[in-house]
Number of protein chains: 2
Amino acid sequence: MTETTEAPAAASQPDKKTPTEGANPDASTTPNEEQQAANGSPEKKSATEEKDAPPAEPPKEMRAVVLTGFGGFKGVKILKKPEPSLQAGEVLIRVRSCGLNFQDLMVRLGAIDSPPKTPCILGLECAGEVEAVGEGVENFKVGDRVVALPEFKAWAELVTVPAKYVYHIPDEMSFADAAAIAINYIVAYIILFDLASIKPGKTVLLHSAGGGVGQAIVQLARTVPNVQVFGVCSKNKHEALKAGGLIDHLLERGSDYTNEVRKISPEGVDVVLDCLCGEECNRSYTLLKSMGKYILYGSSNVVTGETKSFFSVARSWWQVDKVSPIKLFEENKSLAGFNLRHLLYQQDGIEYVKNTIESVFDLWKGGKIKPTIDSTWALEDVAEAMQKMHDRKNIGKIVLDPAMEPKPKPATPAKGKAKAKKEASEEKNGDKEKKGDSDGEKKDETNDKDATAATEGEAAAQPAEVEKEKEKEKENGDATESEKQSS
Amino acid sequence: MTETTEAPAAASQPDKKTPTEGANPDASTTPNEEQQAANGSPEKKSATEEKDAPPAEPPKEMRAVVLTGFGGFKGVKILKKPEPSLQAGEVLIRVRSCGLNFQDLMVRLGAIDSPPKTPCILGLECAGEVEAVGEGVENFKVGDRVVALPEFKAWAELVTVPAKYVYHIPDEMSFADAAAIAINYIVAYIILFDLASIKPGKTVLLHSAGGGVGQAIVQLARTVPNVQVFGVCSKNKHEALKAGGLIDHLLERGSDYTNEVRKISPEGVDVVLDCLCGEECNRSYTLLKSMGKYILYGSSNVVTGETKSFFSVARSWWQVDKVSPIKLFEENKSLAGFNLRHLLYQQDGIEYVKNTIESVFDLWKGGKIKPTIDSTWALEDVAEAMQKMHDRKNIGKIVLDPAMEPKPKPATPAKGKAKAKKEASEEKNGDKEKKGDSDGEKKDETNDKDATAATEGEAAAQPAEVEKEKEKEKENGDATESEKQSS
């Protein structure tokens, strides 16, 4: 993964876009938009098919999302990197779709244990076609459609992955669906069926109910009769989630939801699924019924959450109450933790995860589950996509498409034109961003940003976001006075 | 439960025995043994059938195991108590068999939360026939064969129990089997199937593998294919348990069994089932694999265990490492506690326990489980029975039979006669006490006794125990020199 060539980072230099072949028709740009073919990816694409190039030739290159240093979005760049060379036991994959996970935000901040050495290619999840197989790999062949969970390196046009982290996908499954399903549904399946052992008639309190894993959990919970789901999420997602009809009781993130739960279910809930950690741990634990199970499967409050400063983040992390086994014994409660990354790369979870993803695909084939894709983004727009997840505005999975054209980021947006364009785009792909935003949420958004996030990359991502916000207000007929004057 | 009449406690006054009708043929006394019909229970028995006795008549009485004060065996007495009066919602049960549980030892010591007010009738579990049903009870009728889990009061000839704690037993099930099954298999079933969610191919580390719950767990584990059980118990039980063939790997209590486990299963185990608490918690936790489940379902080390003094007991209890949910998240581990008493009487577990016992009875009907009964005792011998459990000498369940004649406790034992009698008795009921004892264990017995246990009642229990020990040694041909001379 040595870095030889650096292309200007698109995210931080919005004027330089990387056009790609087969641009996604749902992309929110139109053909007459200004485009600069700066990085020449068409040439590169055809070049990758030549496998026997002489060694003297300069290494072939690919586009990749590279983290150049931990911190804000500034360190996230789209760079040209040499194509990876295939090793024994590995599979070379032509990436068609990438999954964005909350863990990626934590990696960017360096807020995980054993973080990768920078510079490194980001991304934990991708789907695509097998382009070559390394020595000793028997269960894959060129052309196979797969999803892969490399530890990092997934957000690039090509990736080599040890075969043990690669899984065949059903013939009828799109790459976007595969990338949207893999991590989210593996996590959801394991915590719901193996850790919570969810049974008919049980009640579940689910944090981040609108996120990718949250939506997967809700769908899987619906495969068990009479499971009642209390979903906690930002108020701005309530309308869209209500329309989805999968969550029985929507509760507002940050509110005193425990009272709300007690009103409906006085004894509390059977299962708490918490990906936030921090203060939520102590609060939600009190809601557990006897024989209840508390499952912690993430710690996103460390990155976002109510806390603002590094110190309050650290406090919220370390002040999670420790629990004595004796207390659990007296209260008839269980406490479980689940961390897919540790299980897969540091512990011995390879076979277990493989079996799980097969169960998930079986449910998909049976029509029991269907991933909710929030939105699809070009690699160049990854900073904006990450910001959206950071702000908890996504409903379901955010995916990246290496072949997608990046969004235009005009210096002086032409309002009327942008609006018409956006509406057309939204009609086509049913983008939920629109529904996800509300006036009440805007102040929180600003406050929620962690201290390290105010960077160049983030700034680059902002104009388009702000633009959209304003348009929506106009659609809702509640634009501010100044906006009314300007439009 | 007001105390009106006190009979001399048989356990502490070995010369006064309470003869009963229908004495168990397996009892270790013979008809020509000296018997004193001191308490006149035959009269009482027939009197209970008269339901319309005039109010002026003195209250009818029954024999019961009464705890007169917390501490050693001195506080455990067989007393005459007024027959309980039936309230609305209750069932009056003629008790035929009682189960002895480790919890009873803790109640005796007052080492439980919310202990009962003394004097009180001990016992958590009994089986028998319904003799009357209170107002509003619809699912039971006179003559029904039932098992009941009153909170205390079970060790008596009669008991009234709220109908919600009473369960019908299968027609073919003996009362002794019902009393041996109820608590042990409910606990075993819940922790193995609902908390551990045991699956084929998993490995289980089981503490107190020879005890009542341990034996239930082992049998239930055998209903799941390829489950591998590591059983920890006193060395003196290994031979008998090996003969049983249900435990894959027998480990010695007090030894460094973690090394032994690692030799066979280097990654550790999937499930730890711990009823000891104290130091074992921390030690066994390290043996858990990723995705492993640690289940604490008892705290018997508080009463017995390696610790000797009150302070070391307290230390072993409170020094159990507290665990952060974050640690579980990083390690992919679960920690669960199970406490049937709390679930049933303080929390809302009534329906759940009822469903569980039905599942257990179904397994029994299908021939999948069969309770291991260690030994059967008269109410008057309860102190000795408790001592046996305290010393961890039982293999399987200890039950009490209210109709059984107490053991003779001669001041000067006639050795040859006693031996012949005992052998005949053992042939009949296959008493396993014999197998449970070994020379190597005798010293431990003395050391293991908790500080509060050296009391009058205990002393009374000792002669018979010592007598038996000596006889067995002779049978095994390894009597000491002095014994050889005396026989």
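Note on naming: letters A, B, ... go to the chains in the order of the sequence lines (proteins, then strands), and numbering restarts at 1 for each one.
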Trainee: Output all residues satisfying side-chain hydrogen bond (donor to acceptor under 3.5 Å, both in side chains) with A:Asp248, sequence neighbours left out; order by chain, then residue number.
Mentor: A:Arg222

Trainee: In terms of heavy-atom pairs under 4.5 Å, which option from A:Val323, A:Asp113, A:Leu340 contacts chain B the most?
Mentor: A:Val323

Trainee: For the interface with chain B, which of A:Lys289, A:Glu267, A:Lys333 has the highest count of heavy-atom pairs at distances below 4.5 Å?
Mentor: A:Lys333

Trainee: Using a 4.5 Å heavy-atom cutoff, which residues in residues 345-356 of chain A come close to chain B?
Mentor: A:Gln347, A:Asp348, A:Tyr352

Trainee: To check you understand the geometry: which heavy-atom pair defines the closest contact between A:Pro325 and B:Lys322, and what is its length?
Mentor: CD-CA, 4.5 Å

Trainee: Taking heavy atoms only and a threshold strictly under 4.5 Å, list by residue number the residues of residues 194-201 of chain A that touch chain B; give 'none' if the list is empty.
Mentor: A:Asp194, A:Leu195, A:Ser197, A:Lys199

Trainee: Who among B:Lys293, B:Glu331, B:Lys327, B:Met291 has the most heavy-atom pairs with chain A under 4.5 Å?
Mentor: B:Met291

Trainee: Could you grab the distance from atom OG of B:Ser290 to atom CZ of A:Phe338, nearest 0.5 Å is fine?
Mentor: 9.5 Å

Trainee: Can you tell me how far the CG atom of A:Asn332 sits from the CZ atom of B:Arg341, to the nearest 0.5 Å?
Mentor: 11.5 Å

Trainee: Tell me, side chain or backbone of A:Ile190 under 4.5 Å from chain B's heavy atoms, or both, or neither?
Mentor: side chain

Trainee: What are the two closest heavy atoms between B:Phe329 and A:Asn339, and how far apart are they?
Mentor: O-CB, 2.9 Å

Trainee: Could you list the residues that satisfy side-chain hydrogen bond (donor to acceptor under 3.5 Å, both in side chains) with B:Thr223, not counting sequence neighbours?
Mentor: none

Trainee: Any side-chain heavy atom of A:Leu328 within less than 4.5 Å of one from B:Leu335?
Mentor: yes

